[in-house]
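Here the structure comes first, spelled out in structure tokens, and everything after it is commentary.
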Amino acid sequence: MLQRGRFCLLAQSRLAQNDVAYSTLALDLVRRSTVIDMLGLLTLNYSKLSSWWEQPACFAPHDFQKLRASGTTIFHPAVGFTDGDVYGSSLRDINGWNEFIASHGSEFVRIDCAGDLERAKASGRLGIVIGQQNSRHFRTVEDVDCFYSLGQRVSQLTYDDNQIGGGSTDPRDVGLTPYGSQIVDRMNTVGMAVDISHCSDRTTLDALNASRTPVLVTHSNCRALVATSARCKTDEAIRLLAAKGGVIGITMVRSFVQASGPATIEDVLDHIDHVAKLVGVEHVGLGSDVDLDGRDTRIRPRKRFDLDGIDYAQKIFDLTEGLIRRKYSPENIELILGGNFQRALQAIWSV
């Protein structure tokens, strides 16, 4: 529906109350960009995800259309295994994604190299970057090569403390271990992206100094704006990340956006503004850490994770409209939507 140069997208979330009008510029930017969500989840309903893996026909055409209509081109649906047989769980997870993609080759493509990002966009398919949020499955340095051969292209060093280094919840602030340095070196060699989103402050800085290629923070925010969150990154870390050519993906998880009180898309934009002013717009992207429905639809009785007033099925359009309001140029908006991560991944994967 055309309304004064703005178009209405049909709201897809069950929680949406009204259709939202977006400017023609916002719609055009999303449609022409290779939008990369570096913690983009197809669904947080893991029972549904299991059914998609086990019975390919359970993934229906309307499921694909919902994902495609979101505006996201490339998803990185990584999870973090911390208990039990982490090696086995990680192996099953990666095999599950490989089988899912193979069963839906006309709709999805596994992203193995930078060229696949544009090929996904050009073909009308959605890209899946296979990653893990914990590198505990690297029992030996040789395991990096093994999992790379299976399609893994991103690995977060630590979800919590492990043999590689410290997690953000550890009050001891453990640094990168000697074994962790070997893992980073092997990841650099094979062309697997080092993700430090959940790392402790010391491990974050140590990994940035150790890596020979750009390092990613796929999903975090700025501690300067949320001082109480150890999961958010310090200005020191963001400066070093940028100096090494890396990118931070801004998340839409409520507690990382605001410490308390209301939390909206405007507060998400504040984090993007902070990074852009601190180190330049070339080093900020999106790592929403949410699917198209939000978390609170399955959590009762109290809202704990979602932003106020957002329909997550349309979050890319809301973000783009907000960037336009804040006077980012179309070129810089394209960088934030995916160009920055595309550049960094090209540098990491072209070894």
Side-chain angles (χ1 to χ4, degrees), residues 6-13 15-16 18-44 63-77 107-108 111 117-118 120-121 124-129 218-219 221 247-254 256-257 263-273 275-276 281 284-295 306-326 328-342:
R6 302 177 77 84
F7 288 89
C8 285
L9 294 180
L10 292 178
Q12 301 200 45
S13 169
L15 298 181
N18 300 294
D19 296 339
V20 181
Y22 296 103
S23 67
T24 53
L25 176 57
L27 294 174
D28 183 57
L29 282 166
V30 173
R31 286 171 180 160
R32 75 189 193 212
S33 298
T34 300
V35 178
I36 301 175
D37 188 342
M38 279 305 293
L39 199 62
L41 306 170
L42 274 66
T43 179
L44 280 160
D63 293 314
F64 177 71
Q65 290 304 324
K66 181 176 180 179
L67 291 167
R68 190 175 184 184
S70 73
T72 301
T73 315
I74 309 295
F75 293 83
H76 173 227
E107 298 161 312
F108 293 94
I111 303 299
L117 299 169
E118 284 303 327
K121 180 72 173 179
R125 292 179 292 174
L126 301 178
I128 302 292
V129 177
T218 60
H219 61 295
N221 284 352
V247 180
I248 179 172
I250 298 302
T251 180
M252 294 184 177
V253 175
R254 186 185 191 91
F256 305 144
V257 172
T264 71
I265 194 70
E266 295 300 322
D267 300 297
V268 174
L269 292 163
D270 288 344
H271 286 269
I272 293 175
D273 285 349
V275 176
V281 73
V284 62
L286 175 65
S288 68
D289 199 2
V290 69
D291 64 2
L292 306 186
D293 298 309
R295 298 174 185 270
D306 290 351
L307 300 176
D308 300 316
I310 191 169
D311 174 7
Y312 280 109
Q314 298 178 197
K315 61 181 181 284
I316 301 300
F317 298 94
D318 289 342
L319 183 72
T320 303
E321 201 70 77
L323 292 169
I324 293 169
R325 286 196 305 272
R326 299 210 177 186
Y328 285 86
S329 69
E331 295 77 15
N332 284 341
I333 293 173
E334 289 186 77
L335 290 178
I336 295 167
L337 290 179
N340 288 331
F341 272 124
Q342 190 168 357

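Computation of the quantities below employed the complete heavy-atom set of this structure, encompassing side-chain atoms and omitting hydrogens, waters and symmetry-equivalent molecules.
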Taking Ser288 for its side chain and Thr251 for its backbone only, find out whether a donor-acceptor pair lies under 3.5 Å. no

Let's go through Arg326 and Asp270 carefully: what are the C-alpha distance in whole Å and the side-chain angles of both, what is the deciding distance for side chain to side chain contact (heavy atoms under 4.5 Å, CB included) to 0.1 Å, and is it a yes or a no? CA-CA 10 Å; Arg326 299 210 177 186; Asp270 288 344; 2.7 Å; yes

Output, in order, the C-alpha distance, side-chain angles, deciding distance and verdict of side chain to side chain contact (heavy atoms under 4.5 Å, CB included) for Tyr328 and Asp273. CA-CA 10 Å; Tyr328 285 86; Asp273 285 349; 2.4 Å; yes

Between the CG atom in Leu269 and the CG atom in Leu323, the distance rounded to the nearest 0.5 Å is 5.5 Å

Measuring only between side-chain heavy atoms, which start at C-beta, is Glu107 closer than 4.5 Å to Arg68? no

Close side-chain approach of Leu319 and Ile272, heavy atoms under 4.5 Å: yes

Nearest heavy atoms of Asp311 and Asp318, plus distance in Å: O-OD2, 4.2 Å

Nearest 0.5 angstrom please: Asp63 CG to Thr43 OG1, how far? 8.5 Å

CD1 (Ile310) and OG1 (Thr264) are apart, to the nearest 0.5 Å, by 8.5 Å

What do the steps show when you test Leu44 against Val290 for side chain to side chain contact (heavy atoms under 4.5 Å, CB included), and what is the final call? CA-CA 7 Å; Leu44 280 160; Val290 69; 4.3 Å; yes

Could you tell me the separation between the CG atom of Leu25 and the CD1 atom of Ile324, rounded to the nearest 0.5 Å? 4.0 Å

Of all heavy-atom pairs between Glu321 and Ser23, which one has the smallest distance, and what is that distance? OE1-N, 2.7 Å

Within the distance-only criterion (no hydrogens, no angle test), does the side chain of Asn221 pair as donor or acceptor with the backbone N or O of Ile250 below 3.5 angstrom? no

Are the side chain of Ser33 and the backbone of Val30 linked by a donor-acceptor contact shorter than 3.5 Å? no

For a quick test of reading the model, state the closest non-hydrogen atom pair linking Ile111 to Ala120 and the distance between them. CD1-CB, 4.4 Å

From Asp291 CG over to Phe75 CZ, what is the distance, rounded to the nearest 0.5 angstrom? 9.5 Å

For Phe64 and Phe108, take the angle between the two ring planes, folded into 0 to 90°, and tell me which bin it lands in: parallel under 30, tilted 30 to 60, perpendicular over 60. perpendicular

Answer whether the closest heavy-atom distance between the side chains of Met252 and Asp37 falls below 4.5 Å. no

Hey, does Leu41 have a side-chain heavy atom less than 4.5 Å from the side chain of Asp289? yes

Between atom CD1 of Ile74 and atom OG1 of Thr34, what is the distance when rounded to the nearest 0.5 Å? 6.5 Å

Determine whether Lys315 and Leu307 make a side-chain contact, defined as any pair of heavy atoms from C-beta on separated by less than 4.5 Å. no

Salt-bridge contact Arg325-Glu266 (side-chain N to carboxylate O under 4.0 Å): yes

Verdict with reasoning, Leu126 to Thr72, per side chain to side chain contact (heavy atoms under 4.5 Å, CB included): CA-CA 8 Å; Leu126 301 178; Thr72 301; over 6 Å; no

Check: Met38 main-chain N/O paired with His76 side-chain donor or acceptor under 3.5 Å: yes

Please determine whether a side-chain nitrogen of the Lys or Arg among Arg254 and Asp267 lies less than 4.0 Å from a carboxylate oxygen of the Asp or Glu. no

Looking at Glu334 and Arg32, what are the two nearest heavy atoms and their distance? OE2-NH2, 3.2 Å

